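In what follows, a single structure is set out as structure tokens and then discussed.
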Amino acid sequence: MKEKLVAVLRNALRTCEQEGLWEAGTLPFIEVDWTKDSTHGDYASNIAMMLASRLKRKPRQIAETICQHLHDDEGIIEKTEIAGPGFINFFLKEAIWAGCLADVERQGARYGFADVGGGKKVQVEFVSANPTGPLHIGHARGAVVGDVLANVLAATNHDVFREYYINDAGNQMNNLGRSVLYRYRELQGQEVAFPENCYQGDYIKALASDIIARDGDVHLKKAEDDVIPLFTAYAAGVIMEGIKDDLGAFGIKFDLYFSERELYRDDGVAKLLRELEDKKFIYSDGDTLWFKTTDFGDEKDRVVVRQNGEPTYFAADIAYHRNKFSRGFDTVIDIWGADHHGYIPRMSAGVQALGYNKESLKVVLIQLVNLLRDGKPVAMSTRSGEFVTMREVVDEVGRDAARYNFLMRRSDSHLDFDLEVAKRQSNENPVYYVQYAHARICSILRTAGERQLKTPDYATTDFSRLVLPEEIGLMKMIIRFPEVLEGAAKMLEPHRLTFFLNDLAGMFHSYYNKNKVVSDDPALTAARLFLVIAIRVVLHNALTILGVSSPEKM
RNA sequence: GCCCCCGUAGCUCAGUAGGAUAGAGCAACGGAUUCCUAAUCCGUGUGCCGGGCGUUCGAAUCGCCCCGGGGGCACCA
């Protein structure tokens, strides 16, 4: 709907230019928004005010001229008004609202799937936790946001690829192997001083006993440096399988798990660094190699090869991003914890040095989750092994409630996650509020079925019977859904969908309490049934994008 | 010290790429169920949008300065 009005405005502006009413120039971005207040019409545009300074005329006068040149070929506009400082308010014909119901009927499970992506290839990389332990609550938020963002993009005609980057080449992995080895020795009765920087969780002991069960004591006599790689590989493998399993239980699947070690194959990282050196982005200060990230606005240059000859994590990350782009992605989206924000300028520099557009890399930051139980904070620390795993949360509160809760805030703001509240099936828990609306509609449809009413079709339904403000409001919400989805995709803000769902469910519940859908009036019943069926489709489509189920009964 | 994010109702937060009179949920209080599910609905309040200055026709939103909270400032990942 928005797009139609934008098109009408664009045509009007061209006509005005052609008729010489004002001098031609580049058209500003034409903005049309839905109004908050219905006395301002249904949609409004500020275009006249945007043009005012360039044309050096009064906004209201410009608005007037524009309105005189509007050609409403589709016949959607009832009237326009010029209001306030120069808004053009559009009042649409009432029949328009019912028209959206036809779209819902026709498109069904694809209703709302606006085409903003044009089939562009987008990669979303998320979670990407080291396989040094199970995923915990902090990973869960990034996992859901990444997954839903990918769904949102897929629903807006992007060719989406989900990827998990396994940081399995660094120091931390060595630490993991060492931790398991020490527990292994301990379990064999040796006296071991367990270092503080090793992983303390119980899962480490479990891994050690697995190795004992498999290999017995053969590793006791071997030198530490020889045996650690074995322990590391074993532990990482098992943990990674566990991670995949936990993600699966949360409804998250990846197209690819990409191992950092791939990057080092055939000397890949070193070759890349040499290429960048040829392009003069890298210099040496004697025994260290530096990347000139300051060329691209970073606050200081960054080390890519350390004094000991080892490449840094950043070096591998440049290689990884080149690998991504070489696979043909138009846009690469990285989902990172907010504590990595300082990393953005250098990563951006890396991407630009490789010759890719700055805009082709987007980073979404995920703020910390405060885990609470009945309002009291739950203490957590990975190293000490005191943490609540993602699996525990999903098992305790359920997949739907967990996912929905992680989507109720902007991802860059802190989130309080209260286990007790999330578990409670009450009005404190919005996921049930929305699902209940869906279940209620299903219940209405069951009643209609019992009364032998057939499902109404668009052609034979008399939508002029839908005259209540609530009914018009609901239809407007249905029309708005594609626009909300589009906004979520453009701004990479999946939380917009939960807010939309809460609004829609609220309007429906209110309507339900005041009005009977199935009544003695067949024509009215048909029209209302059609409306609630459309609402159900929108609820279902939006919930599906969130990865939350749409129950038919509750 | 430098950089980033945040500061909106008692609490938790929205506020649609600067728009018209700043919203919702929770909590509190009072009501609604012979009728499609009461996990619902209806009603009752509250705001120096942290503060100041500026840009603009117009600022919660943009810029600068302060105050307060969090995070980051590795040849760690």
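Just so it is clear, the structure is predicted and the values come from calculations on it, not from any experiment. Throughout, protein chains are lettered first and strands after them, A, B, ... in sequence-line order, and every chain is numbered starting at 1. Hydrogens, waters and symmetry mates are skipped; everything else that's a heavy atom, side chains included, is used.
Here the nucleotide nearest the side chain of Glu299(A), chosen from A77(B), C2(B), U40(B), is C2(B). Of the listed nucleotides (C41(B), A20(B), G72(B)), C41(B) has the atom at the smallest distance from the side chain of His509(A). Proximity note for Thr35(A) (side chain, C-beta onward) versus C36(B), C75(B), A20(B): the nearest is A20(B). Closest contact between the side chain of Lys2(A) and the listed nucleotides U16(B), U21(B), C13(B) involves U16(B). The side chain of Lys300(A) has A74(B) as its nearest neighbour among U40(B), A74(B), G70(B).
A donor-acceptor contact under 3.5 angstrom links the side chains of Tyr511(A) and Arg528(A), judged on distance only. No hydrogens or angles considered: nothing links the side chains of Tyr320(A) and Glu260(A) as a donor-acceptor pair under 3.5 Å.
Residue order along RNA chain B, read from the 5' end via each residue's closest nucleotide, puts Glu493(A) first among Leu368(A) and Glu493(A). RNA chain B is contacted by both Ile444(A) and Thr39(A); Thr39(A) maps to the nucleotide lying nearer its 5′ end (nearest heavy atom per residue).
The interatomic distance linking Asp37(A) (CG) with U16(B) (P) rounds to 17 Å, in whole Å. Following rounding to the nearest Å, Asp418(A) (CG) and C11(B) (P) show an atom-to-atom distance of 17 Å. The nearest whole Å value for the distance from the CE atom in Met408(A) to the P atom in G23(B) is 22 Å. Summarising the geometry, the separation between CZ on Arg60(A) and C1' on G58(B) is reported as 14 Å, rounded to the nearest angstrom. Nucleotide A74(B) holds its P atom 12 Å from the CG atom of Asp298(A), rounded to whole Å. The CG atom of Asn429(A) sits 10 Å away from the C1' atom of A39(B) (whole-angstrom rounding). If you take CZ of Phe291(A) and C1' of C75(B), they are 16 Å apart, rounded to a whole angstrom.
Between the side chain of His341(A) and the base of G72(B), no donor-acceptor pair of N or O atoms lies under 3.5 Å. Between the base of A20(B) and the side chain of Asn89(A) there is a donor-acceptor pair shorter than 3.5 Å.
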Test log, rule ring-ring contact (aromatic ring centres under 6.0 Å, His included), inputs Phe281(A) and Phe296(A): CA-CA 10 Å; Phe281(A) 291 122; Phe296(A) 302 95; 5.5 Å; yes
Stepwise side-chain hydrogen bond (donor to acceptor under 3.5 Å, both in side chains) test for Thr39(A) and Asp37(A): CA-CA 5 Å; Thr39(A) 64; Asp37(A) 182 341; 2.9 Å; yes
Working for side chain to side chain contact (heavy atoms under 4.5 Å, CB included), residues Phe126(A) and Leu149(A): CA-CA 10 Å; Phe126(A) 58 111; Leu149(A) 195 53; over 6 Å; no
Counting only pairs under 3.5 Å, give me each side-chain donor-acceptor contact of residues 357-369 of chain A, with atom names and distances, residues two or more places apart or in other chains.
residue	atom	partner	partner atom	Å
Asn357(A)	OD1	Glu359(A)	N	2.6
Ser360(A)	OG	Asn357(A)	O	2.5

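With hydrogens and angles disregarded, a donor-acceptor distance shorter than 3.5 Å links the side chain of Tyr203(A) to the backbone of Thr132(A). Judged by distance alone, the side chain of Gln435(A) and the main-chain N or O of Pro551(A) form no donor-acceptor pair under 3.5 Å.
Dashed line: the shortest gap from a side-chain N or O of Arg440(A) to OP1 or OP2 of A38(B) is under 4.0 Å. Considering only side-chain N and O atoms, Tyr433(A) lies under 4.0 angstrom from the phosphate OP1 or OP2 of C41(B). In this structure, Ser510(A) reaches the C42(B) phosphate: one of its side-chain N or O atoms is under 4.0 Å from OP1 or OP2. For G15(B), one of the phosphate oxygens OP1 or OP2 lies less than 4.0 angstrom from a side-chain nitrogen or oxygen of His495(A). Residue Ser413(A) places at least one side-chain N or O under 4.0 Å from the OP1 or OP2 atom of A14(B).
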Nucleotide-level pairing of RNA chain B, given in dot-bracket where Watson-Crick and G-U pairs need both distances under 3.5 Å and | marks other strands: (((((((..((((.....[...)))).(((((.......))))).....(((((..]....))))))))))))....
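Here Asn515(A) lies in heavy-atom contact (under 4.0 Å) with a base. Among the atoms of the strands shown, none is found under 4.0 Å from any heavy atom of Ala52(A).
Classification of the His495(A)-Phe499(A) ring pair by plane angle, with boundaries at 30° and 60°, yields perpendicular. Using cut-offs of 30° and 60° on the angle between ring planes, the pair Tyr283(A) and Trp290(A) is parallel. Taking the six-membered ring where the residue is Trp, Phe406(A) and Phe417(A) present parallel rings, their angle staying beneath 30° rather than reaching 60°.
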Dump the pairs, protein N or O against N or O of nucleotides 17-19 of chain B, anything under 3.5 Å, distances to one decimal.
residue	atom	partner	partner atom	Å
G19(B)	N7	Asn46(A)	ND2	3.0

